[in-house]
Protein chains: 4
Amino acid sequence: MSGERRPGRPRSEESRGAILAAALEGLREHGFAALTIEGIAGRAGVGKQTIYRWWPSKADVVLDALLDQAEETIRVPDEGSLRADLTAFLGATFRQTHQRPVLVGLMGQALLDPGFALAFRERFLFRRRGTLRELFDRAISRGEIAAGVDPELLVDVVYGVLWYRLMLDHAPLDGAASRQLTELVLRAVR
Amino acid sequence: MSGERRPGRPRSEESRGAILAAALEGLREHGFAALTIEGIAGRAGVGKQTIYRWWPSKADVVLDALLDQAEETIRVPDEGSLRADLTAFLGATFRQTHQRPVLVGLMGQALLDPGFALAFRERFLFRRRGTLRELFDRAISRGEIAAGVDPELLVDVVYGVLWYRLMLDHAPLDGAASRQLTELVLRAVR
Amino acid sequence: MSGERRPGRPRSEESRGAILAAALEGLREHGFAALTIEGIAGRAGVGKQTIYRWWPSKADVVLDALLDQAEETIRVPDEGSLRADLTAFLGATFRQTHQRPVLVGLMGQALLDPGFALAFRERFLFRRRGTLRELFDRAISRGEIAAGVDPELLVDVVYGVLWYRLMLDHAPLDGAASRQLTELVLRAVR
Amino acid sequence: MSGERRPGRPRSEESRGAILAAALEGLREHGFAALTIEGIAGRAGVGKQTIYRWWPSKADVVLDALLDQAEETIRVPDEGSLRADLTAFLGATFRQTHQRPVLVGLMGQALLDPGFALAFRERFLFRRRGTLRELFDRAISRGEIAAGVDPELLVDVVYGVLWYRLMLDHAPLDGAASRQLTELVLRAVR
DNA sequence: TACTAAGCGAGACGGTACGTCGAGTCTTCCG
DNA sequence: CGGAAGACTCGACGTACCGTCTCGCTTAGTA
């Protein structure tokens, strides 16, 4: 189907993998700001051009690496109630916050580079919003959310708190935080 | 005390002003990412060294410029009720979102540069949190907030939504948003 | 002899022609320095490998193109006297100086690349020397050249002046120059 | 006079010297073609920018190095006769042909790069021509050169043979060559 | 009619150097 | 001693070509 063969030497899957891996390694070792295309290329044993041929910036490489690795989007199985659903969702999400350096680096870049911001929104942020939104839609159809409560605002509240804490790093994102936030949302939708 | 006269030529107030002004101009014209120390110095008619002598990075210059200009911190006069207080606070805050490029640029830099993150938190973010916190403390003493509701989480909710929308730019930060958020918080604290 | 048929697809005469033509075009339009194998391949609608299979460098391509086109080596019919022979030879040679960019480019490359220098000497420069040398040998057998005059030095004088002017471009290579040089040589061999 | 002091840090004589020296070394070791700005900078312990600030290309660096070192232009003391003058001049000139790689490299570059060709002509080739021209002018005023002989052509003959042999490297540039060429010129000007 | 062998266009690959930009530092002279 | 000027080293940028390496396809001679 998408197996159409283009002429010329095909893209090297090996190089692609090496680049994404090198990006994540470099990021973990020295942080997003210290990451350079030249460094990634060197570590991956790859020419710079091979990176520039497929990605417009280091942020796009890292984004691909992130998506590649965490392919399994946050699952939202129907747990029967908003409380259960939210608890499961926040648990799964908070468990991923060891990714903090990656996430915070990408967001930093997005805030400084409007071009990358677009890709980051479309390919990451909005997709995650979508998952959470479904969860609230389900609660609405169950009658758990009072009329007049905008589910989009609820999404903003949950992800707002999440990102705000990720960025400021002034409060934990653990089980207790998860429970607190769940209760707050439940009170707010009555 | 601070009136002590150090030997040698005193710092030039003129240069300081020119630098802060040049930083803001450059930022407005080409964005935070395109801002450079060299560019600021050139525009301000100042040697690079003069900037490096007083600020560690371009972000610190911009932060100073921001604080210098918006010295009047968000006021929180006691309006008599949480609803009124919150409405006033959000109104005043949202009215400042024409500063979006500055705020978003500074946050972006903070996410990439831990050194600046420190300064940004202490001198800007935490101070703003403090203002909002006072407002909630007043509501607690009025008995408007149910026991068991952590006022810190409330602060995170309000600033979380604010920053999340500032960053994603997917929903407005206007009067309607202000009202919606106020109502949500009020429901959540009952 | 060379008619042996090797197995496999035979070399494409069409591609060979397209490559030589593209090389000359590119050379005329942007100069020798701006000529690249990649550019020639693109212009000729040919894969890079096809060029590398048959020529070691861009200079060799251009040399082939030059020899291909100006196959008719400078003729040296016996005109009966050294003066007549020289006049004819210089006339024919100088008439070819519209090739200046090609010649100068090839010489430039030869001066920088010893590998190509070899090919350039053998296939071009020394052949031309040979033609002129014959002319002087004829004059010697006619007794027009005094004993003790090294005909090789005479060749160097003629081609030396020719190349020196081609390279410096400070004096014309026209009919007058041709006559002047002829007279000088005649005086020098008495 | 030229001692006017410009503001700012003055150019580093140390760096200038290191760059010229590094250029000559690199040239001698690996040849002109293998010389790179990056290599020169590295060897000289200097930033690339410092080279680009003062020279437009590697050829200009090498030209400066050549002129710097061989500041003592070929001397042309009046020896009393054309034969003596020419012998002295050719002797001095031929004795410098250990510079062959430098000279040939510069000429090669000049033939490929019209921009550099200009500098090379003005600052090197034409100056040398001038020296030789003076020598012939002296001979004219002595009555040693027949009327109707263009001294410019004589210069072209001498430098033509010199450069032609430098480039083709097919015949020596030694004492014998010097004498042969002198005699040829003397015969040609009678 | 297949099979083998090479040439072909296309284009991705690992490299090297390019020329530029800005960082942060150093060195001059002037107020 | 602060400040404007501007040269310094350094590191990364994004680009251009190099010469090499697959791909699938074509074009021959051979079986």
Side-chain angles (χ1 to χ4, degrees), chain A residues 5-16 18 34-42 44-54 56-58, chain B residues 6-12 14-16 18 34-42 44-54 56-58, chain C residues 5-12 14-16 18 34-42 44-54 56-58, chain D residues 5-16 34-42 44-54 56-58:
Chain A
R5 267 253 158 264
R6 291 202 290 107
R9 180 176 178 174
R11 174 169 187 186
S12 158
E13 260 324 301
E14 199 174 347
S15 291
R16 181 177 178 277
L35 203 63
T36 67
I37 296 273
E38 218 145 59
I40 297 172
V46 139
K48 275 202 286 180
Q49 200 60 248
T50 301
I51 300 186
Y52 283 112
R53 206 185 331 268
W54 303 106
S57 78
K58 72 168 177 179
Chain B
R6 294 203 282 103
R9 180 174 175 176
R11 175 171 187 185
S12 157
E14 198 176 347
S15 291
R16 181 175 180 279
L35 205 62
T36 66
I37 296 273
E38 217 145 59
I40 296 172
V46 140
K48 278 206 286 179
Q49 198 60 253
T50 303
I51 300 186
Y52 281 112
R53 194 167 357 248
W54 303 106
S57 79
K58 73 166 176 177
Chain C
R5 267 253 157 264
R6 292 202 283 104
R9 181 175 177 176
R11 175 171 186 183
S12 158
E14 198 175 345
S15 291
R16 181 178 181 275
L35 205 62
T36 66
I37 296 274
E38 219 145 57
I40 296 172
V46 140
K48 278 204 289 178
Q49 198 60 253
T50 302
I51 300 185
Y52 281 112
R53 192 163 7 242
W54 305 106
S57 78
K58 72 166 179 179
Chain D
R5 267 253 159 264
R6 293 202 286 105
R9 180 175 177 175
R11 174 170 187 185
S12 158
E13 259 327 299
E14 199 174 346
S15 291
R16 180 177 179 277
L35 204 63
T36 66
I37 296 273
E38 218 146 59
I40 297 171
V46 139
K48 276 203 286 180
Q49 200 60 251
T50 301
I51 300 187
Y52 283 112
R53 205 185 333 269
W54 303 106
S57 78
K58 73 168 176 178

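Letters A, B, ... mirror the listed sequences (proteins, then strands); counts begin at 1.
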J.: Where do I37(A) and S57(A) come nearest, in terms of heavy atoms and distance?
T.: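 Looks like CD1-C, 4.2 Å.
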J.: Roughly how many Å is it from OH in Y52(C) to P in dT22(F), rounded to a whole number?
T.: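 Taking OH of Y52(C) and P of dT22(F), I get 17 Å after rounding.
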J.: Has K48(D) got a side-chain atom pairing as donor or acceptor with A41(D)'s backbone, closer than 3.5 angstrom?
T.: no
J.: If we fit an axis to the first five pairs and another to the last five of the helix from dT1(E)-dA31(F) to dG31(E)-dC1(F), what angle do they make, to the nearest 10°?
T.: 0°
J.: Calculate, to the nearest 0.5 Å, the distance between atoms CZ and CZ belonging to R11(D) and R6(D) respectively.
T.: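 Nearest 0.5 Å value for the CZ-CZ distance: 10.0 Å.
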J.: In terms of the nearest nucleotide of DNA chain F, which residue is placed more toward the 5' end: S57(C) or P56(A)?
T.: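 It is P56(A) whose nearest nucleotide is closer to the 5' end.
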J.: Let me know, please, whether G39(D) or G39(B) comes out on the 5' side of the other along DNA chain E by nearest nucleotide.
T.: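 First, find each residue's nearest nucleotide; the 5'-ward one identifies G39(D).
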J.: Could you write out each protein N or O paired with an N or O of nucleotides 9-11 of chain F at a distance under 3.5 Å?
T.:
| from | atom 1 | to | atom 2 | distance (Å) |
| --- | --- | --- | --- | --- |
| dT9(F) | OP1 | S15(D) | OG | 3.2 |
| dT9(F) | OP2 | G47(D) | N | 3.3 |
| dT9(F) | OP2 | T50(D) | OG1 | 2.5 |

J.: What is the distance from NZ of K58(B) to P of dG24(E), rounded to the nearest Å?
T.: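 Taking NZ of K58(B) and P of dG24(E), I get 10 Å after rounding.
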J.: Do you know which two heavy atoms are closest between A44(A) and A18(A), and how far apart they sit?
T.: CB-O, 3.5 Å
J.: Ignoring backbone atoms, establish whether W54(B) has a side-chain N or O less than 4.0 Å from OP1 or OP2 of dG3(F).
T.: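 W54(B) to dG3(F) OP1/OP2: side-chain N or O found under 4.0 Å.
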J.: Could you state the CD1-P distance from I40(A) to dG14(F), rounded to the nearest angstrom?
T.: 11 Å
J.: Enter the distance from I51(D):CD1 to I40(D):CD1 here, rounded to the nearest 0.5 Å.
T.: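 Between atom CD1 of I51(D) and atom CD1 of I40(D) there are 5.5 Å.
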J.: Could you tell me the separation between the CG atom of L35(B) and the P atom of dA23(E), rounded to a whole number of Å?
T.: 9 Å
J.: Do we get R16(D) above W54(D)'s six-membered ring, with its NZ or CZ under 6.0 Å from the centre and within 45° of the axis?
T.: no
J.: Could you tell me how far apart I37(A) (CD1) and dG15(E) (P) are, to the nearest whole angstrom?
T.: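 The distance from CD1 of I37(A) to P of dG15(E) comes to 17 Å, rounded to the nearest Å.
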J.: Protein-nucleotides 23-26 of chain F N/O pairs closer than 3.5 Å?
T.:
| from | atom 1 | to | atom 2 | distance (Å) |
| --- | --- | --- | --- | --- |
| dT26(F) | O2 | R9(C) | NH1 | 3.0 |

J.: What is the distance, to the nearest angstrom, from the CD1 atom on I51(A) to the P atom on dA12(F)?
T.: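 To the nearest whole Å, that distance equals 13 Å.
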